[in-house]
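No hydrogens, no waters, no symmetry mates; every other heavy atom, side chains included, goes into these values. Lettering follows sequence order; numbering is per chain, from 1. All of these numbers come straight from a predicted model, not from anything done at the bench.
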There are 2 protein chains.
Amino acid sequence: MSHTLDGPAPGARQAQKQKTRQALLDAALHLLAEQSLSSLGLREVTRAVGVAPTAFYRHFRDTADLGVALVEEALGSLHTTLVATLAATGDGEERITAAVDLIVAYVRTYPAHARFIAREQHGGVKAVREAIGGQLALFAEEVAAQFAKEPEAAGWSEADLLMLARMYVDHMVMTASALLGTDDEEPVADRARRQLRLLTLGRRHWLDETVDETVDKAAGETADKSGRYSTEP
Amino acid sequence: MSHTLDGPAPGARQAQKQKTRQALLDAALHLLAEQSLSSLGLREVTRAVGVAPTAFYRHFRDTADLGVALVEEALGSLHTTLVATLAATGDGEERITAAVDLIVAYVRTYPAHARFIAREQHGGVKAVREAIGGQLALFAEEVAAQFAKEPEAAGWSEADLLMLARMYVDHMVMTASALLGTDDEEPVADRARRQLRLLTLGRRHWLDETVDETVDKAAGETADKSGRYSTEP
DNA sequence: AAACTCGGAGAACAGTTGTTAACTGCATGG
DNA sequence: CCATGCAGTTAACAACTGTTCTCCGAGTTT
């Protein structure tokens with residue numbers, strides 16, 4: 001902050017530009033609460049901000065371009081948070097509550113961002129769909145990489161770890177979407193935790209056949225061709 | 001066409017009406033391949049069919065109303081098919097392949113319907129969102145009811161069965177969406193089957209603590225407060 | 001201090017949108 | 001056989017859209 005302001009700090013112009021750019025993003029996000037990106041008009045956004053329609057072009061080519069920028073804004077900062085949460089917890093109940101708490105906090109803090117991601121993940125704008133898909137794939141890789149470091153991952157193929165990680169990531173998105181659709185978030189969070197427990201149980205018994213311990217009692221009458229669950233050729 | 005139709009069957013005009021109605025639904029579905037429902041214009045649909053814009057009002061109030069009709073068309077006939085598939089298979093590998101095959105066949109036969117459901121499940125039109133949510137909740141109830149009949153469901157609470165069923169239903173939608181995004185469906189189907197195997201494993205060990213058999217070896221060093229997984233108060 | 005950059009404003013364009021109104025023709029039920 | 005119902009048409013409306021071109025004025029550079 002210094003002497004308040006003795007010079008027109010180099011970049012005062014650029015600061016104003018990013019200020020209106022951010023205003024455009026905010027306004028768009030707000031408007032997207034009740035419609036999809038493919039119906040979001042350029043003029044609609046500029047009108048909400050209070051600038052001329054043509055000013056839009058100084059920042060984005062079209063609304064699809066703005067959508068891609070929103071994807072980065074919504075998910076970009078989440079990578080470190082998610083990895084840190086996983087790294088700080090082991091495979092157990094502690095991790096389950098931490099993961100669900102993370103999603104609940106995110107949805108509460110940035111509901112518009114969460115809604116945007118859930119909505120446009122399968123939305124009508126290809127570029128945005130691919131941007132979100134890329135981010136989620138990245139999340140899955142990071143989660144899988146974290147899983148690989150843990151002792152429970154012994155014997156797991158890389159593909160199976162990635163498959164498991166994708167289930168966790170997809171489950172997070174579904175939980176976020178479910179949270180947005182209700183005002184009483186407790187039952188939704190509870191269900192999410194139980195679902196994660198189911199996934200954890202599945203993970204723990206994924207390699208059971210190789211341990212040659214019990215298991216055969218679980219097969220019971222439905223004993224069928226459930227061989228090994230590996231993926232490698 | 002030939003004799004076989006000597007009388008103007010009572011309802012000849014009504015037949016024509018439902019014919020154009022179906023044409024509107026088909027045209028809309030085709031247009032929705034590359035946009036969301038909230039951006040689908042009334043005139044756009046009538047133009048594709050070749051009727052006057054005002055003819056639209058004879059069948060639907062607005063495009064949102066048309067969307068609700070599309071939900072019924074897309075999912076209505078699937079209930080019996082799904083329940084029959086589950087009833088014909090036991091809890092095992094056989095059911096997993098049958099379920100995945102069902103989704104693959106559906107996506108291959110009605111790709112536009114599948115895309116519509118995946119897209120508008122979280123889309124910008126509230127009425128359609130709720131219609132899809134209702135249908136999926138119904139699916140989950142039906143799946144849970146089928147599960148309840150099976151011996152593997154012994155000891156399960158109703159809420160836990162519903163939770164499990166929801167995971168299966170959500171997984172089906174996710175798989176359908178993944179299939180639509182690729183031209184090589186084999187790896188996607190394979191991943192879906194492995195994910196279902198994980199869920200099946202989780203299901204089989206959900207009540208393990210009460211069986212007091214092994215388990216403690218799985219807990220190992222990360223032995224934490226993973227008590228019982230019940231839901232009832 | 002002059003020259004330049006560039007975010008934004010303004011006006012105008014050709015198209016499009018949803019919705020209303022009055023109309024036509026035909027299958028229908030009396 | 002005639003009158004009614006109703007799917008679909010035609011015409012017109014005010015409002016809105018994305019995009020182009022021209023211009024302004026303040027920040028930046030030389």
Provide, to the nearest angstrom, the distance between the [atom1] atom belonging to [X] and the [atom2] atom belonging to [N].
X	N	atom1	atom2	answer
A:Gln14	D:dA26	CD	C1'	15 Å
A:Asp62	D:dT17	CG	P	16 Å
A:Lys17	C:dA9	NZ	P	14 Å
B:Gln16	C:dA27	CD	P	10 Å
A:Arg13	D:dT29	CZ	P	13 Å
A:Tyr57	C:dG10	OH	C1'	15 Å
A:Gln35	D:dC16	CD	C1'	14 Å
A:Phe56	C:dA9	CZ	C1'	17 Å

Exercise for the section: Check every strand shown and say whether B:Ala55 touches a base, only sugar-phosphate, or nothing at a heavy-atom separation below 4.0 Å. Expected result: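 Since a base atom lies under 4.0 Å of B:Ala55, the category is base.
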Completion exercise
Read 5' to 3' with Watson-Crick or G-U pairs under 3.5 Å, [ ] for crossing pairs and | for partners on another strand, DNA chain D gives ||.|||||||||||||||||||||||.|||
Taking atom types as they are modelled, is there a donor-acceptor pair under 3.5 Å from the base of [N] to the side chain of [X]?
X	N	result
B:Arg43	C:dG18	yes
A:Thr54	D:dT19	no
B:Arg47	C:dT17	no

Regarding [X] and [Y], do their side chains bring together a donor and an acceptor under 3.5 Å, going by distance alone?
X	Y	value
A:Gln135	A:His79	yes
A:Gln35	A:Glu44	yes
B:Gln121	A:His122	no

Problem - Side chain proximity check, A:Leu37 to B:Ser36, heavy atoms < 4.5 angstrom - result: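 Heavy-atom side-chain distance check fails, nothing below 4.5 Å.
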Exercise for the section: Hey, could you give me the NE2/CG distance between B:His30 and B:Leu25, rounded to the nearest 0.5 Å? Expected result: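 Output value for this atom pair is 14.5 Å.
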Practice task
Please figure out whether A:Arg58 or A:Leu40 has its closest DNA chain D nucleotide nearer the 5' end.
Solution key: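 Closer to the 5' end of DNA chain D: A:Leu40.
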Enumerate donor-acceptor pairs with a distance under 3.5 Å from any side-chain N or O in residues 47-62 of chain A to protein atoms, sequence neighbours excluded.
from, atom 1, to, atom 2, distance (Å)
A:His59, NE2, A:Thr20, OG1, 3.3
A:Asp62, OD1, A:Ala64, N, 3.3
A:Asp62, OD1, A:Asp65, N, 2.9

Exercise for the section: Measure from NZ or CZ of A:Arg166 to the centre of the six-membered ring of A:Phe139, then state whether that distance is under 6.0 Å and the direction lies within 45° of the axis. Expected result: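 Pair A:Arg166/A:Phe139 does not count as cation-pi.
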Practice task
Name the residue closer to the 5' end of DNA chain C, choosing between A:Arg21 and B:Leu42 according to the nucleotide with the nearest heavy atom.
Solution key: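 Its nearest nucleotide lies further toward 5', so the answer is A:Arg21.
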Handout entry: Which nucleotide in C:dT28, C:dG8, D:dT28 has an atom nearest any side-chain atom of A:Ala12
Key =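 That would be D:dT28.
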